[in-house]
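Index from 1, following the sequence.
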Amino acid sequence: MCKKSLAAFVLSFLLSISLFSQSTATHAASQTVNFWSNLPNDELAQKIVDEMTDVELYSQILMFGWAGSEPPELLYEWVERGLGSVKVFGWNTDDIKLVAKSIASLQKKSNANRFQIPLFVATDQEGGWIRHVKGDTTITPGNMAVGASGYPYDAWYTAYYICREIKALGINMNFAPTVDLFTDHESTIIGTRSFGDDPKKSGILGTMFMYGSISAGIIPTVKHFPGHGDTSADSHGRLPVINIDFETFKNREIVPYRYLVEEKVPAVMSGHLSYPQIDPSGAPASLSKYFLTELLRNQLDYEGLIITDDMMMIGATVFAGSLSNAFKLAIEAGNDIILSSTTARLNDSLWTKNLDLMSRNSEFHSRVKDAAYRVIKSKLDYYKSSTYSPAPLYPDPEDLDKSIPDKDGEKFFLEQACRSVTVEKKGTMPLTKENAGNVLLIGSLNSFFEAAKLRYPDASEFRVSYDLGPNETQWVTNKLSGMNYYDTIIICVSCENHAKVAEYYKNKGKRVVILSTMSPIFAEPLDWADTVLLGYSWNCSYTLKAMVGLLNGEYAPVGVKPYK
């Protein structure tokens, strides 16, 4: 960095700090209320935003994540500035006691601000494949498994037990349910995160997931509005374009959201998704005033929070041209919380340019103030109403063993997995140790081998990687070519290369059993096998136990494939 650039950087940084300090000091004397003042929620929220500085207003609508195992000092500086929300991402959650400690520390920092406004603390704990809080939290069967059982009861309790776990950590907002439809079967970004391809059924299951979350004390956030199901593109890397007309959109994508909006879902996440036949500008819905203000607010009468998907995704910035402009467009479109997985620098243009715009543009200032009002009002409704039993502001890391994993949830998730397993092709069932002959088990997960060995104690094991690469696939098939003395092959299939391993046994005169453990599309070409069971779940011991138990004839199957 040249001396001139360095000097400009330092000057900008010092000016930012100076403006923040002067602004806070000037308004401190006029403060009459704080978050815990005894006033009606709407009146108190309005009083707070009326007394806030521009710095405090804008900070309140931002949500930042952090990359390390603990929040950096920079994030604490943002909280001191008045940051409204933080997000717990999956790269820093193996130690859940440290997660709880970090959340408590951030909340204490926020409580030291003059309005004492707590943080929204969010995460993505959808169930199944998407589980950002790791450690000892439960790996559940997931949405498509819920769709296969079809019971609203299963959606409610799935959310309830998931949310009881994250609540113990001090997390108060969950970016779930996902109601994207399983329209594009090749999609690797949605897949088993979907309840299925039926819009009405997805709306009902999503609504029950919402109610289960609320009953556990967590604010649910339905996503990804207006629907991510009809594209295989991932908005992390590019802007997905969904070319459907409004009639299709109205009768398909938007239907689940109608259900949830009618039931007063408290938060909606806007997706970085372009629908050019509906909004000719080509803007992603997250930056589209038509989608968020005209359609969601005005036509669907939605009253809750609108939260962007991560603004660090290419799907947001490629249209806007820059991150600071993407933030500006997101605010103008109608979002109330702007999410960034990265903690911004204190002098980043996404901050300085938009803060400057607030001072020059009354319409933009009014939109930021309206968003801040919605955020604070939502926090007041969460912490001061009888609807929720809110998450602790200061969770105790040493108390987590009582709640995580949720002991009551363990029995439920095994039962739910049993209700979801689907018989795609019934061959030799029940397959028992008496009629199976010599058995070879091929899979990746310990829970599969443990469950299978209980039923087929003399079976041999062949372990492969869960994310099997092309070179390893060839090595595996070469190895299997010298192992032709088995009568029955039971193989777990969760990706395309697992299916290629299974294909080795086609026309080899073996009894082949396919346990499809992720998206069912990988098992579709394997209809030549003796038996095909669908489980829909990623790395879930409950589902693997349920599939092997069904194969052994221990219960009657009821699961139905949730798409055509």
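Note on R131 versus E126: no salt bridge recorded, every NZ/NE/NH1/NH2 to OD/OE distance being 4.0 Å or above. Classification of K425 and D530 as a salt-bridged pair fails, no side-chain N sitting under 4.0 Å from a carboxylate O. Salt bridge present: K223 and D124 bring a charged side-chain N and a carboxylate O closer than 4.0 Å. A salt bridge between K453 and D458 is absent, with no side-chain N of the basic residue lying under 4.0 Å from a carboxylate O of the acidic one. Ionic pairing of D154 and R419 is present here: one or more N-O contacts between side-chain nitrogen and carboxylate oxygen are shorter than 4.0 angstrom. Ion pair K407/E410 not flagged as a salt bridge, since none of the NZ, NE, NH1 or NH2 atoms sits closer than 4.0 Å to an Asp/Glu carboxylate oxygen.
Donor-acceptor pairing under 3.5 Å is lacking for the side chains of S340 and K87. Residues D184 and T231 have side chains that never bring a donor and an acceptor to within less than 3.5 angstrom of each other. Between the side chains of Y536 and T422, at least one donor-acceptor pair of N or O atoms lies under 3.5 Å. For the residue pair S460 and Y486, a side-chain donor N or O sits within less than 3.5 Å of a side-chain acceptor on the partner. The closest side-chain donor-acceptor pair between E253 and Y275, if any, does not fall under 3.5 angstrom. For the residue pair N478 and S481, no side-chain donor N or O sits within less than 3.5 Å of a side-chain acceptor on the partner.
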Carefully, step by step, assess T221 and V268 under the rule side-chain contact (heavy atoms from CB on, under 4.5 Å).
CA-CA 5 Å; T221 305; V268 169; 5.7 Å; no
Do K167 and S403 pass the side-chain hydrogen bond (donor to acceptor under 3.5 Å, both in side chains) test, and can you show the C-alpha distance, the side-chain angles, and the key distance before you say yes or no?
CA-CA 9 Å; K167 176 184 174 180; S403 306; over 6 Å; no
Report the C-alpha distance between Y153 and Q416 in whole Å, list the side-chain angles of each, state the deciding distance to 0.1 Å, and finish with yes or no for side-chain hydrogen bond (donor to acceptor under 3.5 Å, both in side chains).
CA-CA 10 Å; Y153 166 98; Q416 196 263 307; over 6 Å; no
L260 and M210: side-chain contact (heavy atoms from CB on, under 4.5 Å), yes or no, with the steps?
CA-CA 8 Å; L260 282 130; M210 175 193 80; 3.9 Å; yes
Working note: E247 + K250, criterion salt bridge (Lys or Arg N to Asp or Glu O under 4.0 Å); need CA distance, chi angles, decisive distance, verdict.
CA-CA 5 Å; E247 197 64 22; K250 180 181 71 173; 3.5 Å; yes
Show the numbers, then the answer: is there a side-chain contact (heavy atoms from CB on, under 4.5 Å) between N92 and L98?
CA-CA 9 Å; N92 49 21; L98 190 55; over 6 Å; no
Output, in order, the C-alpha distance, side-chain angles, deciding distance and verdict of side-chain hydrogen bond (donor to acceptor under 3.5 Å, both in side chains) for T248 and D245.
CA-CA 6 Å; T248 302; D245 57 32; 2.8 Å; yes
Stepwise salt bridge (Lys or Arg N to Asp or Glu O under 4.0 Å) check, E415 with K411:
CA-CA 6 Å; E415 292 173 349; K411 180 175 183 290; 2.5 Å; yes
Determine, stepwise, if the pair T123 / F175 fulfils side-chain contact (heavy atoms from CB on, under 4.5 Å).
CA-CA 6 Å; T123 196; F175 292 156; over 6 Å; no
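Listed here is the closest heavy atom pair of A330 and N335: O-ND2, 2.9 Å. Across every non-hydrogen atom of M208 and A155, the tightest pair is CB-CB, 4.0 Å. Contact between V261 and L300 at its shortest, heavy atoms only, is CG1-O, 3.3 Å. In terms of heavy atoms, P405 sits closest to D136 at CB-O, 3.5 Å. Taking both residues in full, the closest heavy atoms of P220 and I214 are given as CD-CG1, 3.7 Å, listed atom of the first, atom of the second, then distance. Contact between F522 and A499 at its shortest, heavy atoms only, is O-CB, 3.5 Å.
The closest side-chain heavy-atom distance from I307 to F225 is not below 4.5 Å. For the pair L239/I314, no side-chain contact is recorded, criterion being any heavy-atom separation below 4.5 Å from C-beta on. For the pair D180 and F195, the minimum side-chain heavy-atom distance is 4.5 Å or more.
Atom CD of E496 has 12 or fewer heavy atoms from other residues, nucleotides or ligands within 6.0 Å. Atom NZ of K508 has more than 12 neighbouring heavy atoms from other residues, nucleotides or ligands inside a 6.0 Å radius. Under a cut-off of 6.0 angstrom, the local environment of OH in Y151 is sparse, with at most 12 non-hydrogen atoms contributed by other residues, nucleotides or ligands.
Among residues two or more places apart in sequence or in another chain, the side-chain hydrogen bond (donor to acceptor under 3.5 Å, both in side chains) test is passed with E186 by none. Annotation: side-chain hydrogen bond (donor to acceptor under 3.5 Å, both in side chains) contacts of D408 (sequence neighbours excluded): R164.
From I278, atom CD1 reaches atom CG of L273 across 11.0 Å, with rounding to the nearest 0.5 Å. The structure places CG of N471 at 10.0 Å from CG of N497, a figure rounded to the nearest 0.5 Å. One distance of note links CE of M312 with CZ of F64; it measures 9.5 Å at 0.5 Å rounding.
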Show me, pair by pair, the donor-acceptor contacts under 3.5 angstrom made by side chains of residues 436-451, not counting sequence neighbours?
{"residue": "S444", "atom": "OG", "partner": "V464", "partner atom": "O", "Å": "3.0"}
{"residue": "S444", "atom": "OG", "partner": "S465", "partner atom": "O", "Å": "3.4"}
{"residue": "S444", "atom": "OG", "partner": "Y466", "partner atom": "N", "Å": "3.4"}
{"residue": "N446", "atom": "OD1", "partner": "R463", "partner atom": "NH1", "Å": "2.6"}

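For the ring-ring contact (aromatic ring centres under 6.0 Å, His included) test with F412, the passing option among Y160, W156, Y542, Y157 is Y157; the others fail.
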